[in-house]
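Side chains are part of it too, since the values below use all heavy atoms of this structure and drop only hydrogens, waters and symmetry mates.
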Protein chains: 2
Amino acid sequence: MKDSKQILSDHKVSVTNPRILVIEALLENNNPLTVDELQIKLKNKVAKSTLYRVLNDLKKINILNEFTNPENAIVVELLLEDDSHHHHLFCSDCGEIIDIQMGDEFERTLSKEIKRLEKKFNFSIEDHRLELFGKCTDLCENCS
Amino acid sequence: MKDSKQILSDHKVSVTNPRILVIEALLENNNPLTVDELQIKLKNKVAKSTLYRVLNDLKKINILNEFTNPENAIVVELLLEDDSHHHHLFCSDCGEIIDIQMGDEFERTLSKEIKRLEKKFNFSIEDHRLELFGKCTDLCENCS
DNA sequence: AGAATAAATGAGAATTATTCTCATTTTTTA
DNA sequence: TAAAAAATGAGAATAATTCTCATTTATTCT
């Protein structure tokens with residue numbers, strides 16, 4: 001597992017206990033967590049106000065991806081690799097969020113479309129996000 | 001413009017003034033609005049609690065699409081046509097949200113990928129959402 | 001390593017967004 | 001048109017997030 005202290009010093013921010021704990025909690029999970037889930041995982045070892053502050057700090061140094069689940073609750077995940085472009089699959093039964101990679105053909109087709117849309121709307125498009133919604137049929141330990 | 005009273009009675013819910021006003025405010029706009037923008041548009045003609053209730057009512061009868069903007073604020077739009085499948089383009093300068101249609105080739109490629117992912121994760125995938133982020137370069141009246 | 005400086009933290013207050021309660025009003029039923 | 005059902009407004013309650021500030025911790029500079 002990556003070294004949380006290293007991550008912080010690499011990004012030239014001070015290395016503090018709450019930051020280490022938050023990063024480690026996120027590193028332990030393969031998939032994104034809601035703020036509540038993260039708070040529970042940290043078990044009061046980090047004050048609520050500090051948790052929100054730390055999340056904002058991680059956003060500032062661009063190692064945190066933040067989005068919302070279908071219930072509009074904020075969800076976060078660490079983004080450490082440069083090549084970590086991925087998307088998300090949400091289960092409406094258990095709330096699980098799974099990181100997914102799309103195939104090259106998809107990303108190529110999307111790039112073409114994006115060029116078309118940039119012209120059509122006179123936009124410069126810098127990023128995109130794809131979210132898939134469904135139900136995990138029987139493998140998930142949370143779904144009965 | 002569509003008739004808001006008709007829309008409500010078609011969906012077998014009672015036709016009330018707040019519902020009519022909310023639907024008309026949403027119909028006037030081509031593009032999605034945040035709850036605040038909607039509230040401002042309605043200028044206290046609908047109580048805040050009623051606005052939220054009406055939005056929930058419209059969700060229940062499946063004519064409201066709800067998602068979040070990059071600041072995680074809730075955004076809503078009416079979904080009246082069956083064939084209205086579309087996606088969204090967000091401007092990070094002015095906050096504008098534009099409805100976009102992707103070409104057939106894109107949706108075909110996406111369908112193929114979805115089939116692959118359904119097998120890989122043993123999921124049944126029912127819906128998807130694509131969000132594009134960028135800046136409108138000079139056409140928007142809000143961007144200087 | 002230790003003192004001085006700068007930055008971060010914890011606790012809870014403040015703010016904001018959303019939901020809930022309930023007496024009154026409006027709509028629907030028939 | 002009367003009775004029954006449903007929706008509304010106003011504000012209280014709740015939940016999520018940010019802010020404040022005195023104290024603690026980390027960094028910097030000898």
Pair B:Glu113-B:Arg116, salt bridge (Lys or Arg N to Asp or Glu O under 4.0 Å): steps then yes or no: CA-CA 5 Å; B:Glu113 274 298 270; B:Arg116 179 180 69 78; 2.8 Å; yes
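- In this structure, A:Leu26 CG and A:Leu78 CG are separated by 4.5 Å, a value rounded to the nearest 0.5 Å.
- Side-chain atoms of B:His87 and A:Leu117, non-hydrogen and from C-beta on, never get closer than 4.5 Å to each other.
- If you walk DNA chain D from 5' to 3' and mark each nucleotide with an atom closer than 4.0 Å to a heavy atom of chain B, the marks span D:dA6 to D:dG11.
- Note: A:Ile100 CD1 to A:Glu131 CD = 10.0 Å, rounded to the nearest 0.5 Å.
- To the nearest 0.5 Å, the span separating CG on B:Leu58 from CG on B:Asn65 amounts to 12.0 Å.
- Helix bend of the helix from C:dA1-D:dT30 to C:dA30-D:dT1: the angle between its two end axes, each built from five pairs, comes to 50° after rounding to 10°.
- A salt bridge does not link B:Lys115 to B:Glu118: none of the charged side-chain nitrogens sits closer than 4.0 Å to a carboxylate oxygen.
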For a quick test of your reading: what N or O donor-acceptor pairs under 3.5 Å do the side chains of residues 66-75 of chain B make, sequence neighbours left out?
residue, atom, partner, partner atom, Å
B:Glu66, OE1, A:Asn72, ND2, 3.0
B:Glu66, OE1, B:Lys59, NZ, 3.4
B:Glu66, OE2, B:Lys59, NZ, 3.3
B:Thr68, OG1, A:Thr68, OG1, 2.8
B:Asn69, OD1, B:Glu71, N, 2.9
B:Asn69, OD1, B:Asn72, N, 3.1
B:Asn69, OD1, B:Ala73, N, 3.0
B:Asn72, ND2, A:Glu66, OE1, 3.0

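- Looking at heavy-atom distances under 4.0 Å, B:Val15 makes contact with sugar-phosphate atoms alone, never a base.
- Looking only at distances, no side-chain donor or acceptor of B:Asn122 sits under 3.5 Å from a matching main-chain atom of A:Cys136.
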Contacts under 3.5 Å, N or O only, protein and nucleotides 1-3 of chain C:
none

Per-pair distances, 0.1 Å, donor-acceptor, side chain in residues 44-53 of chain A, under 3.5 Å, sequence neighbours excluded:
residue, atom, partner, partner atom, Å
A:Thr50, OG1, A:Arg53, NH2, 3.3

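- Expressed to the nearest 0.5 Å, how far CD1 of B:Ile23 lies from CD1 of B:Ile63 amounts to 4.5 Å.
- Atom CG in B:Leu79 sits 11.0 Å away from atom NE2 in B:His85 (nearest 0.5 Å).
- You'll find the side chain of A:Leu80 reaches within 4.5 Å of the side chain of A:Leu27, heavy atoms only.
- B:Lys120 places none of its side-chain heavy atoms less than 4.5 Å from the side chain of A:Leu89.
- In this structure, B:Ser14 and B:Ile74 both approach DNA chain C, and ranking their closest nucleotides by distance from the 5' end singles out B:Ile74.
- Of the residues in residues 47-62 of chain B, those lying under 4.0 Å from DNA chain C by heavy-atom distance are B:Lys48, B:Ser49, B:Tyr52, B:Arg53, B:Asn56.
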